[in-house]
There are 2 protein chains.
Amino acid sequence: MTDSNPNASLTAPSIPGDALPPVEQHAQQYATVRNAHETELIEDYVELIGDLLAHRGEARAADIANRMAVSQATVSKMIRRLNELELVTSKPYRSLFLTEAGQKMAETSRARHDIVLHFLRALGVRDATARIDAEGMEHHVSDETLAIMQRFTEQRQN
Amino acid sequence: MTDSNPNASLTAPSIPGDALPPVEQHAQQYATVRNAHETELIEDYVELIGDLLAHRGEARAADIANRMAVSQATVSKMIRRLNELELVTSKPYRSLFLTEAGQKMAETSRARHDIVLHFLRALGVRDATARIDAEGMEHHVSDETLAIMQRFTEQRQN
DNA sequence: CAATATTGTTAGCCAAGGCTAAACTGTTTG
DNA sequence: CAAACAGTTTAGCCTTGGCTAACAATATTG
């Protein structure tokens, strides 16, 4: 395995910047990201359903399709998955509702999202940009970083 | 369409927190994230290949597989794609190399990655966490935010 | 230099998350 | 109250990015 060559420093040209992390750590980074990808769409759906319920009193497939810019067929399929995962309850042709687990997930996602969004704004990012970035970033921010972001935002606001 | 109900404010319970963004903006957020997902794996491969070339002088499929914690078959398949996209050149059973376009992408990705990583460390996030978060976040940070992060880091270091 | 170990490729499988088109249900309205 | 429309579901397709198993090529070493 080329990668575990103990003499790497003897053969590799010395270049500026950080060295490669050890293989295990590096692998861990990618695995974590891959893992996040599996749950993030689910979380986005659940979060959006929660928001629609909170702001509108109901969550219809058509609304979700519009807001996600996705076809209704895609939403329908996704709802079946959310049902199997016991995150939402749905009767055909009726509004969706969240299960206990779904509500929990929605709250958590919403909280993360808000922390990241407020943090970005506190940093000085324009609102429209902050919203887009937050949407992408929220699933990749660890609890540790999240806590730091929150503290940062609070300090700026006082 | 429930969503464009002009009387929403009359029926929705008034709850704390931000209101839902207008449909178009909301859709834009999700579309941007979906779009990022399509390119991010590609970028990760290209970035890693660039790093391996820089630090080791060569980039072998086995190294990539190890560092990404993925099977060699997966890497092999991915390399075919990168070839089709003209980001890498490869001869069977030989080290990979980046095309012009590939080098450009690798540099850009590397730069983004470093800015995010250094920013997180400057914020006070522990190194191991910062690495994991940076790996996930880098593809979702706009140029605007990136510039702000960079300025922030520089200020902290002086 | 032949045998073995390592590395790379191919074939064929799977699940996820998109899509369109068509069928079905529920609601509104002429 | 029937017709038309809006909303939902189903069927069937596609691409991506994983996997394992089997095979092929190269490197290493006894």
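Residue numbering restarts at 1 for every chain, and letters A, B, ... go by the order of the sequence lines.
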Q: Please tell me if the side chains of A:Leu52 and A:Glu58 come closer than 4.5 Å, counting only heavy atoms from C-beta onward.
A: no

Take the protein atom [atom1] of [X] and the nucleotide atom [atom2] of [N], then report the distance between them rounded to whole Å.
X: A:Ile64; N: C:dG17; atom1: CD1; atom2: P; result: 15 Å
X: A:Asp44; N: C:dA16; atom1: CG; atom2: C1'; result: 15 Å
X: A:Arg60; N: D:dA6; atom1: CZ; atom2: P; result: 15 Å
X: A:Glu58; N: C:dT27; atom1: CD; atom2: P; result: 11 Å

Q. Between the side chain of B:Ser109 and the main-chain N/O of B:Met105, is any donor-acceptor distance below 3.5 Å?
A. yes

Check: [X]/[Y] side-chain N/O donor and acceptor closer than 3.5 Å:
X: B:Ser90; Y: B:Asn83; result: yes
X: B:Arg126; Y: B:Thr129; result: yes
X: B:Glu86; Y: B:Thr99; result: no

Q. Listed in order of residue number, which residues of residues 86-94 of chain B have a non-hydrogen atom at under 4.0 Å from DNA chain D?
A. B:Tyr93, B:Arg94

Q: Check the angle between the aromatic planes of A:Phe119 and A:Phe152 and answer parallel, tilted or perpendicular using the 30° and 60° thresholds.
A: perpendicular

Q. Could A:Asp114 and A:Arg121 be called an ion pair, given the rule that one side-chain N must be under 4.0 Å from one carboxylate O?
A. no

(Q) When you measure from the side-chain N and O atoms of B:Arg80 to the phosphate of C:dT9, is any distance below 4.0 Å, counting only OP1 and OP2? (A) no

**Q.** Contact letters for nucleotides 16-21 of chain D, in which S counts primed atoms plus P, OP1 and OP2 and B counts the base, heavy atoms under 4.0 Å
**A.** SBBBB-

(Q) Counting the benzene-type ring for Trp, do B:His37 and B:His140 have ring centres under 6.0 Å apart? (A) yes

